S.K.: 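Let me give you the structure first, and then I'll get to my questions.
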Amino acid sequence: MTRPIPLLSTLLLVVACSTHRSPSSRLEAELAGAYPVEASPTGVIRDFAITAAPGERDPLTPGAPPLAVWSYNGTTPGPTLRVRLGETVRVTFSNHLPDETTIHWHGVRVPNGMDGVPHATQPPVPPGGTFVYEFTPKDAGTFWFHPHVRSSEQVERGLYGVLIVEDADPPPYSQDVVWVIDDWLLGADRQLDPRFNTPHDMMHDGRWGNVVTVNGRTDETLAVRAGERIRLRLLNASNGRVYVPDLAALGDGARLIAVDGMYLRAPIPPGRFELAPGNRIDLDLTFAPGERREIPVRDTFTRTPQPLATILVDGVAPPALAFPSPAHAVVPLWADALATPVTHELRLNARRGGPFGLEWTVNDVAFAGHSHDSHDHASFHLPRGRFAHLRFTNQSARLHPIHLHGMFFKVLARNGTPVDEGYFRDTVLVHSKETVDIGLVPVDAGSWMLHCHILEHAEAGMMTMISVE
Ligand code: C2O
Ligand code: CU
């Protein structure tokens, strides 16, 4: 056999390249047509004003005095902002708190300068200061917003609200309802325990409350009629508590249609979903006719089931319009993604030291939060548009719901066992000693935070920055 002529070898090379692309470019291609599906701006600007201020609200438990909180626009939860996909959100924010603050738009793909990370993407808003947040959400879904300065205290005091981005042409649900779940740690005086970031919070899974509320109430009830088609959005705004709502109680008409704001590949029975701090799920619900009945929805994460809220089914609605569930997103399978080399491993652990006596670390570094040079803390870079395989290795015995700003990811494996969840997330619960592999393709340039959404762990160092360029 003689050496092939140069032209032939070039041809062979071209053929080889087109049939045998690198695993990474194949994975990127699989994503094409899925995330990122970016809405084009319609030019409509939706103006909102949000003021953060100390105030009082109704007590959470009967007979208690009014509860002193910090809130957005005077309510806890704060306002639910609703816009349509393609509209521009403009929020004029005023800080009437005795502390500096910012607003972070959790799960929303915003320009980096609107992400609300103090010192990194904007200077914190001082007491008496204002800031205008403006962005056009790229995805329809359930999002939320909260401060990113001393979050373990500011969120616990009541600062959080909901941002719903409706589809450009929303499906005709008869009700579209949000349940914001939070827990509050009250002292003997029935006021918020003023001790934040305690050694106990730090050594465990953050601050867990002794009163659980849905939409700020201990007796939230959703009244429905049989035959109605309901979209129910659940959001965990707690500092540290994880919920596993007993969704089986909702019956056979319940389907999971979105996670962390993003639609599923196809609707699925909701099953057991760990709603960690930061997570959202959207459900598509119908209820069969029958007797008037009350369906208690309980949390089953801990050994003692906690009542969350109640659904009251009473009466029959006129026959609803049949329409397909909006859960038909293109979510790549990424079947061979697990075999790609790990781009970055992030080891999650704790050690003695730091301002709270215990530091939470990512690769042995405790984030020096709120220092003026935190933009220098990028732990690694990710090239735009390239598939990346990250591995979270939890070396500690505690929970770490890891949240990534500015992008969505897909869980590839837990403890090395492949999983196909059929949806993207922005927050994944990493259990004690567990290893979770994720895949993602970052598309937006900037410095994006990766941190534990147990806010006390984040405060004590479990935060890092990823720069995408
Ligand atoms: Cu909801 Cu950086 O967080
Ligand atoms: Cu953690």
Side-chain angles (χ1 to χ4, degrees), residues 77-78 101-110 112 114-122 124 142-152 154-156 159-163 180-182 197 201-208 235-242 260-261 274-280 346-351 354 356 358-363 366-367 369-370 374 377 392-408 425-434 436 446-466:
T101 191
T102 60
I103 299 183
H104 167 61
W105 306 91
H106 181 124
V108 187
R109 296 194 284 149
V110 296
N112 199 227
M114 296 291 132
D115 201 43
V117 176
H119 304 295
T121 68
Q122 70 167 103
T142 308
F143 304 100
W144 66 301
F145 55 95
H146 61 76
H148 226 283
V149 174
R150 286 182 272 288
S151 321
S152 56
Q154 295 194 1
V155 176
E156 175 68 9
L159 290 168
Y160 48 80
V162 180
L163 171 63
V180 181
I181 311 174
D182 192 11
N197 306 313
D201 297 348
M202 288 303 168
M203 281 187 298
H204 297 83
D205 300 314
R207 172 169 166 134
W208 283 43
L235 145 61
N236 183 358
S238 307
N239 279 31
R241 188 188 282 262
V242 177
D260 289 349
E274 288 176 330
L275 197 69
N279 279 136
R280 289 89 65 212
L346 294 106
R347 287 173 292 104
L348 314 172
N349 213 340
R351 63 170 177 234
F356 308 111
L358 190 75
E359 292 185 307
W360 284 99
T361 57
V362 178
N363 291 345
F367 190 78
H370 317 304
S374 49
H377 286 257
F392 304 128
T393 305
N394 185 355
Q395 299 178 319
S396 77
R398 305 314 311 185
L399 300 170
H400 303 300
I402 299 297
H403 170 52
L404 199 44
H405 287 204
M407 49 199 121
F408 291 95
R425 294 170 165 272
D426 62 44
T427 305
V428 63
L429 182 60
V430 185
H431 293 255
S432 156
K433 304 289 179 185
E434 192 182 29
V436 173
S447 292
W448 302 107
M449 270 217 135
L450 179 154
H451 64 88
C452 179
H453 221 290
I454 289 183
L455 301 175
E456 290 73 17
H457 291 181
E459 201 60 26
M462 196 172 272
M463 302 201 260
T464 193
M465 298 292 278
I466 299 178

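These figures come from a predicted structure and were not determined experimentally. In listed order, ligands and their atoms are each counted from 1.
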S.K.: Can a side-chain donor-acceptor contact be found between Thr101 and Gln154 if the only test is distance below 3.5 angstrom?
M.R.: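 The answer is yes; a qualifying pair exists.
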S.K.: Under the side chain to side chain contact (heavy atoms under 4.5 Å, CB included) criterion, do Arg425 and Asn279 qualify, and how do the steps go?
M.R.: CA-CA 8 Å; Arg425 294 170 165 272; Asn279 279 136; 3.8 Å; yes
S.K.: Look at the N, O or S atoms of His403, main chain and side chain alike, and state whether any lies under 2.8 Å from atom 2 (Cu) of ligand 1.
M.R.: no
S.K.: Looking at the Cu ion (ligand 2), which N/O/S atom of His400 is the nearest one?
M.R.: ND1
S.K.: Do any of the N/O/S atoms of His146, backbone or side chain, fall under 2.8 Å from atom 1 (Cu) of ligand 1?
M.R.: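 His146 does place an N, O or S atom closer than 2.8 Å to atom 1 (Cu) of ligand 1.
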S.K.: Quick one: do Arg280 and Asp426 satisfy side chain to side chain contact (heavy atoms under 4.5 Å, CB included)? Show the steps, please.
M.R.: CA-CA 9 Å; Arg280 289 89 65 212; Asp426 62 44; 3.0 Å; yes
S.K.: Test your reading of the model: is there a side-chain donor-acceptor pair from His104 to the backbone of Asp115, 3.5 Å cut-off?
M.R.: yes
S.K.: Within the stated cut-off of 2.8 Å, is an N/O/S atom of His457 closer than that to the Cu ion (ligand 2)?
M.R.: yes
S.K.: Below 6.0 angstrom between ring centroids: does that apply to His451 and His457?
M.R.: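 Ring centroids of His451 and His457 are no less than 6.0 Å from each other.
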S.K.: Can you give the angle His148 NE2 - atom 2 (Cu) of ligand 1 - His451 NE2, rounded to 10°?
M.R.: 110°
S.K.: Would you say His104 reaches atom 1 (Cu) of ligand 1 with an N/O/S atom under 2.8 Å?
M.R.: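 No, His104 does not qualify, because none of its backbone or side-chain N, O or S atoms lies under 2.8 Å.
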S.K.: Tell me, which N, O or S atom in His405 is closest to atom 2 (Cu) of ligand 1?
M.R.: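 Going through the N, O and S atoms of His405 one by one, NE2 ends up nearest to atom 2 (Cu) of ligand 1.
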S.K.: Hey, which of Arg207, Glu456, His453 is the one that makes side chain to side chain donor-acceptor pair (under 3.5 Å) with Asn239?
M.R.: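 Passing option: Glu456.
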S.K.: Would you say His453 reaches atom 1 (Cu) of ligand 1 with an N/O/S atom under 2.8 Å?
M.R.: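 So His453 counts as coordinating atom 1 (Cu) of ligand 1, yes.
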S.K.: Classify the ring geometry between Trp144 and Tyr160 as parallel (under 30°), tilted (30 to 60°) or perpendicular (over 60°).
M.R.: perpendicular
S.K.: Any idea which N/O/S atom from His106 gets closest to atom 1 (Cu) of ligand 1?
M.R.: ND1
